[in-house]
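Taking it in order: structure first as structure tokens, then the write-up.
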There are 2 protein chains.
Amino acid sequence: MLVGMLAARKNPKRRATRLRDPERTRERLLQAASREIYRSGFQSASLDTILASAGVTKGALYYHFKNKEALGYAVIEEVISPDVRGTWVQPLESVKDPIDALISIVQDLSVRPEDVCGGCQLNNLAQEMSPLDAGFRKRLEIIFDAWREATASVLREGQIHGNVRRNVEPADAAGLLIAMVEGYGSLAKNAQDPKVIKAGIKNIVGWLRSLRAPGNRKRG
Amino acid sequence: MLVGMLAARKNPKRRATRLRDPERTRERLLQAASREIYRSGFQSASLDTILASAGVTKGALYYHFKNKEALGYAVIEEVISPDVRGTWVQPLESVKDPIDALISIVQDLSVRPEDVCGGCQLNNLAQEMSPLDAGFRKRLEIIFDAWREATASVLREGQIHGNVRRNVEPADAAGLLIAMVEGYGSLAKNAQDPKVIKAGIKNIVGWLRSLRAPGNRKRG
DNA sequence: CTGCCAACATACCAACCAGCATGTAGCGTA
DNA sequence: TACGCTACATGCTGGTTGGTATGTTGGCAG
């Protein structure tokens, strides 16, 4: 301690004077953590890499978060959850035709070429951490449940208004849709070929059309 | 070096005299590596843990494999690939009704309660390593391709024999089936609830039945 | 102008990591 | 019985990890 002081005095190297904006610092940390977790997984994303990517020092990190685990939890709740909500839940609120709405969402998944779909980040983290850490699992399950419930709900409403076939079980169909999206996301990520996700979207859309109530088909 | 020699002579601790069966040692390493990679991912699976699980020392590991990466590659080629082949390729060879055969395979996926399905190990590794390491990606893609091709092939034959609807594209359907299986595997792994995989199997089977050619429906 | 505290910055640490250098036991061979 | 080589066993190391202890500064209250 004394040595450190003396050294600091002897060699007054320029200190990194930073933002002094705690909210912004926290947000930068979350975004950087999200990026690095997406790149290499939670366990393999090193704090030093995250900090470098965020342009933030370790002291700032541990001022805002108790530890790496807490940072991961915050990424789920404050980055991934809003993203899934924005992609899959909010667009379904107060729509006329649920099938059309779902098709529209699915087709929009291809616009982001690199990160095949935001849902994949959810899937990545779930695959990696759910068996290892109950805290991750619970938080991720909440997102999955919201996704499934929003989809099932809109399908139920569609059944009431006669847009959706009565013999589909909304909860089952919602689960199947999510499984398809996640599954194709995996395949596309592995193939690293946008053609895979395009083909997947085509197939998912075809399946979604098959849910439409007879006499309610739009085209063809 | 000299110190080590002297110490060894001074304190002749019992040396671990092991198998002396190189094939078996190698196999134990592969199995242990497969287990640990399944548990915590390739990057986070430490060699020491793998070695402890295998009951093998580090010298033996580095005698049989150049490095950790090579061990991972070997797990793909000598553990995962045969597993997928045994589950999804061989059962499809010379079957009468492809739909029945696929349904049978899918329904058998539920018998293993803990590790939801062997395909998930494939999916896990693909999700984790494909974006990071081309060697992993290529080897995993070979497995995916074989899986998809075997499925597509059996569907094509089914179309010739009139068991499968002519308006399904075998390659597309095969891809969709794989996506469904992997997707439900993900959901089940995250939910950690066998009910999820049961529901998934039910839905996949329902979809498979929809591929059957008209006039060829078995029951109902 | 001064104290004080939030918001960091820096230096450091023990634990762990993959990998390597070196030693050696057992078995086949002559 | 001696030799040699395969198949390991063991000890070590430099680098990295998450985490902490302590120093420092901008800005605001008084």
Side-chain angles (χ1 to χ4, degrees), chain A residues 1-29 32-33 36-37 40-74 129 132-133, chain B residues 1-29 32-33 36-37 40-73 132-133:
Chain A
M1 35 178 155
L2 208 117
V3 180
M5 271 181 66
L6 289 177
R9 287 197 194 285
K10 245 191 276 189
N11 178 16
K13 63 172 74 170
R14 188 106 35 180
R15 291 203 146 244
T17 295
R18 295 305 170 96
L19 291 173
R20 280 277 155 187
D21 182 344
E23 284 187 42
R24 214 172 125 65
T25 300
R26 194 186 147 89
E27 186 62 23
R28 290 176 68 115
L29 276 169
E36 293 305 315
I37 290 172
S40 44
F42 175 78
Q43 298 176 98
S44 299
S46 92
L47 288 182
D48 288 338
T49 310
I50 292 171
L51 293 172
S53 167
V56 163
T57 61
K58 203 168 271 192
L61 167 64
Y62 278 91
Y63 176 79
H64 287 283
F65 300 97
K66 189 194 162 199
N67 51 23
K68 191 187 181 188
E69 190 181 55
L71 178 62
Y73 291 172
M129 297 306 297
L132 299 178
D133 184 299
Chain B
M1 36 178 153
L2 208 118
V3 180
M5 272 181 66
L6 290 177
R9 288 197 195 286
K10 248 191 274 188
N11 178 18
K13 63 171 74 170
R14 188 101 37 178
R15 288 202 150 245
T17 295
R18 295 304 170 93
L19 291 174
R20 278 277 152 187
D21 182 343
E23 283 187 41
R24 216 172 124 63
T25 300
R26 195 186 146 89
E27 185 62 24
R28 290 176 68 116
L29 274 169
E36 291 307 314
I37 291 173
S40 44
F42 175 77
Q43 298 176 97
S44 298
S46 93
L47 289 183
D48 288 338
T49 311
I50 292 171
L51 294 172
S53 166
V56 163
T57 61
K58 203 167 269 193
L61 167 66
Y62 278 91
Y63 176 79
H64 287 284
F65 300 97
K66 188 193 163 199
N67 52 23
K68 192 187 180 188
E69 190 182 55
L71 177 63
Y73 290 172
L132 300 179
D133 184 299

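Computed from a prediction, not measured in an experiment: that's the story for all the values here. Chain naming here is simple, since letters A, B, ... match the order of the sequence lines and numbering starts at 1 in each. Hydrogens, waters and symmetry mates play no part in the numbers below; they use all other heavy atoms, side chains included.
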Margin query: What is the separation between atom CG on B:Leu71 and atom P on C:dG19, rounded to the nearest whole Å?
Written below: 10 Å

Notebook entry, point to check: For the pair made of CZ in B:Phe65 and P in C:dA18, what is the distance, rounded to whole Å?
Noted result: 15 Å

Note to self: Restricting to side-chain contact (heavy atoms from CB on, under 4.5 Å), what partner residues turn up for A:Ala60, sequence neighbours left out?
What the structure shows: A:Thr25, A:Val56, A:Thr57

Check: Rounded to the Å, how far apart are A:Leu61 CG and C:dA7 P?
Finding: 15 Å

Check: With sequence neighbours left out, which residue pairs that include part of residues 43-62 of chain B fulfil the salt bridge (Lys or Arg N to Asp or Glu O under 4.0 Å) condition?
Finding: B:Asp48-B:Lys58

Item checked: Minimal non-hydrogen separation, A:Leu61 against A:Leu29, with atom names -> CA-CD1, 3.8 Å

Notebook entry, point to check: Is any side-chain N or O of A:Thr25 closer than 4.0 Å to OP1 or OP2 of C:dA7?
Noted result: no

Next item on the list: Check the distance between D:dT25's C1' and A:Asp21's CG and give it to me in whole angstrom.
Entry: 16 Å

Checklist line | Contact pattern, 5' to 3', of nucleotides 16-21 of chain D - B, S or - by protein heavy atom under 4.0 Å | finding: -SBBB-

Check: Got a sec, which residues hit ring-ring contact (aromatic ring centres under 6.0 Å, His included) with B:Tyr62, two or more places apart in sequence or on another chain?
Finding: none

Note to self: Rounded to whole Å, how long is the line connecting atom CZ of A:Arg26 with atom P of C:dC8?
What the structure shows: 12 Å

Check: Between B:His64 and D:dA7, does any side-chain N or O lie under 4.0 Å from OP1 or OP2?
Finding: no

Margin query: If you compare every side-chain N and O of B:Tyr63 against the phosphate oxygens of D:dC8 (OP1, OP2), does one of them come in below 4.0 Å?
Written below: no

Next item on the list: Taking side-chain hydrogen bond (donor to acceptor under 3.5 Å, both in side chains) as the test, write out the residues that go with A:Ser40, two or more places apart.
Entry: none

Next item on the list: Just jot down the ring-ring contact (aromatic ring centres under 6.0 Å, His included) partners of B:Tyr73, sequence neighbours excluded, or say none.
Entry: B:Phe136

Margin query: What is the distance, to the nearest angstrom, from the CG atom on B:Leu29 to the C1' atom on D:dA7?
Written below: 12 Å

